[in-house]
Amino acid sequence: MISKNPFRKTTNLNFWVITNAGFETRKILENEINNFRKIFPHYTISITVNPWSQAWDDLMLLVKKKKETSLPDIVQIGSTWSGTLAYLGAIQEITAYIDEGIQKDFIPQALETCYYPGTKKIFSVPWFSDVRALYYRTDVMKEINANVESLDNWNSFMDVCSKIDELRKMGRRIYPLRLSGQMAGILIHDLAPWVWSAGGDFLTADGSRAIFNQEPASIGIRWYFDLIKNGYIPFNMYDGLITAGTFFSGQFAMQFSGMWPVSSIFNHHHPDYNRLVSNNYGVTLVPKGLAGRYTFFGGSNLAITKFCSQNEEAMELLKFLISPTSQVRHAKSIGMFPSTMSSFQQHFGQNLEVGSAFKASLECARTLPRALTLGTIEKIVGTMADNILRHIRYGKYTAKILQDELNQAAEEANSILSIYEA
Amino acid sequence: MGRISNSKLKQLDRQLGVLRIISTELKALHVGLDGVLQHALKIIFKDLGYEGASIFLWIKGTHKLKMKKMVYRNEILQGEEEIDLEEGNPLYQLYSRRRTYVYFDRPKPTYYFALQKGQEFIGMLRIDRWEKGRKLNDSDVDLLLTFVEELSGTIFNVRLLQENQENLKMLQASSEISAAIISTLRLEQMLDQVVKSILKNLGFDQVKLYLVDHSRNFLRGYIRGDLRGNISGLSHEIFPLKVGINNLVDIVMGNEESDFLSKYNDIIYYVPLRVKGKTGGLLTVDNLLSQQRITEMEKKTLISFAGQIGIALENSRLFSDIEKLSITDSITHLYVFRYFKQRLVEELLRAERYKNFLSLIILDIDNFKMINDAYGHQVGDTILVEVCKIIMKSIRKIDFPARYGGDELVIFLPHANNDIVRFIAERIYQNIKSCSVEVTKDKDVTVKVSIGVATFPGDAKDAEELIKKSDDALYWAKTHGRDRICFYSEINELKSG
């Protein structure tokens, strides 16, 4: 029922979100807010849209009183940020507002990201989630006499890459594989499935030491860089790997990615729309490694900031946004997954083939390790990957050089970890 | 002169209007850099009519440009793209100021204009021509060049203003932290104030202070504070002063050039605290969690404090020495009676409140005047020091000895009833008796002492009385043959016996 009490006090909330759907972000969220305001008409919600890197920095500048701007009441945060923001006192504990029923409905991997490290104290709620799978071109696969089963494990996947590369060398203008992100460098998310599927991890279970330089993690990383060394993931002219052009616009035969391209890039109004790709694409699980099959699980959470003085009111909005109807509607609009189990089935109602690949991916999806200094560890891993890329580019890459880089990065990570995690 | 067509006139009029907006609006802005960029993009979209544009600013000291803001169809967003301006990249021509703008036809038609003020490169403006006509005509380019000149000047001035504001803020921070440093001479309070003040004024994620223990060759954590204002001890962090143990120790040992430190000095910063040319401690700050760059200005501010903190550390040490000197006896190194009495009064109040016993021993070296007369005062002092050493070995850690005056020594013993004090007094007496002191090359002297003991609450109600009763007991011992222990509670028995 819509309550319209003229004497009810207006609630003004500032809501900071991240560019979940590029320039459409605001419009999509405004639709959702309008739905909320049908139930709570006395709310006025002001939306600020920031890109990922700026979202973190702006929040930090406010926490450190180094920037003067309107203060956010609710913020969208990366799923790995919750612990660190809670430690810094930037967001508030909301355990009391999230009853057991709601908790049980969250995807377990998503709920894990909301806790303060080492406790069951909840500091954020999962808003939407992201799982990576492998997009591939069915027509290209036919050309090389391969099929989806050829993408099942590392060995056969390498073989497919090699065959596509042969096609390219014979004049076919297509590269075997593209990374998932927009950046020219390699991110921890890119390496993670290879490290996990080799049976390793980045940090010890208690998060106190780096182990990505040790076997079996290092074996997974070696497999990954072999893809680049062999030329399956190509370099660009200036500063790293090719980022112009994607699988979706037709320049690559395969790409690890989330579900968002299905709803955006395969829409024929999109500037990168390519009919050939749209008619000849498939989605499958990431290839199985030496110790199993694991993919990356990420997403975004919602949190109430330290600046908010209207927690009860802010929670009403949060509860609405994580409700099954809103979740499914919003997640679909931005090409992500809902974060609750009850929303999941509804979400996959339409595209069964793609849906089943992503649904199966969720079964083997993992989150990045939780450590207060994870942001810095990610940068260390990124720098290490850049160094290795440079060695490959200049033809100096060897197993020893890879191990040296891994050791040095692990040593740096341990120095950083010892400052907080110990 | 040829006639100017109507369309040309319209175009010129439009350009004039836009130029007026640019020069008046941009210059009148007092909303910081973000506001200027936002306004500039609004002009590009609304007044100049371009559907998409981005402003990149140069990251000083690098070859990188970072996108600050972008506009696309009236939606202005913060940017996150980075451009690497290595030689060979066509955009390098803007960076090296060889050209004022560059056009790319592929992958999408795009113009890049250099933002520069005089010889200083500021960044670039990118104009996207994805939807409308591809190439711009000369007058459009001219207008954009005028626009970027205005924008460059405004960015330059806003940055100058920001720099001045930052300087002012640092000055305020300096003055507050300096005040904290000189606020007290007591080490613990001073360091606590310094850490709180640094956190409040400079807002690091964490501040830690370590002190060097030169006598034991250790670097010891002292205090830490974090952004939330939590202050805690750091005594669990103790590292031997050996090169290679960790980065902290390496800095203290003089190795400040490690790869790790230079690589991460934007988020972790170590400042050695010099005291008289030696490293007496280490101040560490970090932004490892927030990942906010520690600015050069903040580093300079910290370095300037390091000198002050170093001096304050030395002053605290001197103050502590003087304080100790004023309450300790220079010969025996025991506390002086004045301080002893102060502590005794406090301890007695505690004993009274918690209904505990407290005993007091007064001890006098037998025939000390004769020893002085026979062998000189130096020997007398040596014997006194030896007796004190034996006393220190014979009492418990909680007992409190002091020099009463001359050859008289006094000890209070918390939680000591008659049985306990008897046991300890006996141990002191026997240990002294079994010891001899060499007074000349061929002569040793055996020292004997008389001891008087009284206990609270049985023998006395307050400190004055307890001292007096112990003294009475000592007097009894000295007047009844010396070389013995006398308990006040037993004097009456002894008298009658």
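Within 6.0 Å of CZ in A/Arg26 there are more than 12 heavy atoms belonging to other residues, nucleotides or ligands. No more than 12 heavy-atom neighbours from other residues, nucleotides or ligands sit within 6.0 angstrom of NZ on B/Lys200. By the 6.0 Å contact criterion, CD on A/Glu32 is enclosed, its count of non-hydrogen atoms from other residues, nucleotides or ligands being greater than 12.
Distance OG1/A/Thr373 to CG/B/Leu289: 7.0 Å, rounded to 0.5 Å. Remark: A/Ser415 OG to B/Asn246 CG distance equals 8.5 Å, nearest 0.5 Å. Between atom NZ of residue A/Lys64 and atom CG of residue B/Leu202 there is a gap of 10.0 Å, rounded to the nearest 0.5 Å. Within the model, atoms CD of B/Gln291 and CG of A/Asp57 stand 8.5 Å from one another, a figure rounded to the nearest 0.5 Å. Atom CG of A/Leu372 is separated from atom CG of B/Asp205 by 10.5 Å, given to the nearest 0.5 angstrom. Between the CD1 atom of B/Ile268 and the OG1 atom of A/Thr376 there is a distance of 7.5 Å, given to the nearest 0.5 Å.
Contacts between A/Lys379 and chain B at a heavy-atom distance below 4.5 Å involve the side chain alone, from C-beta outward. Heavy-atom distances place the side chain of B/Leu227, and not its backbone, under 4.5 Å from chain A. Heavy atoms closer than 4.5 Å to chain A are found in the side chain of B/Lys66, but not in its backbone. There is no contact between B/Arg293 and chain A, counting heavy-atom distances below 4.5 Å. If you measure heavy-atom distances from A/Thr25 to chain B, you find no contacts under 4.5 Å at all. Looking at B/Leu248, there are no atoms closer than 4.5 Å to chain A (heavy atoms on both sides), in backbone or side chain. With a threshold of 4.5 angstrom between heavy atoms, B/Asn247 approaches chain A through side-chain atoms but not through N, CA, C or O. At a 4.5 Å heavy-atom cutoff, B/Glu237 makes no contact with chain A through either its backbone or its side chain. In this structure, chain B has a heavy atom under 4.5 Å from the side chain of A/Gln408, while its backbone stays farther away. For chain A, the nearby part of B/Phe204 is the backbone; its heavy atoms alone come within less than 4.5 Å.
Put simply, the side chain of A/Trp56 gets close to the backbone of B/Ser290: a donor and an acceptor are under 3.5 Å apart.
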Verdict with supporting geometry, B/Asp286 and A/Tyr420, side-chain hydrogen bond (donor to acceptor under 3.5 Å, both in side chains): CA-CA 10 Å; B/Asp286 75 72; A/Tyr420 278 92; 2.8 Å; yes
Derivation and outcome, side-chain contact (heavy atoms from CB on, under 4.5 Å), residues B/Leu77 and A/Thr19: CA-CA 9 Å; B/Leu77 292 178; A/Thr19 42; 3.6 Å; yes
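For the pair B/Lys208 and A/Ile419, the tightest heavy-atom approach, listed with the atom from each and the gap, is NZ-O, 3.6 Å.
Heavy-atom pairs under 4.5 Å with chain B peak, among A/Val49, A/Thr48, A/Leu88, at A/Leu88.
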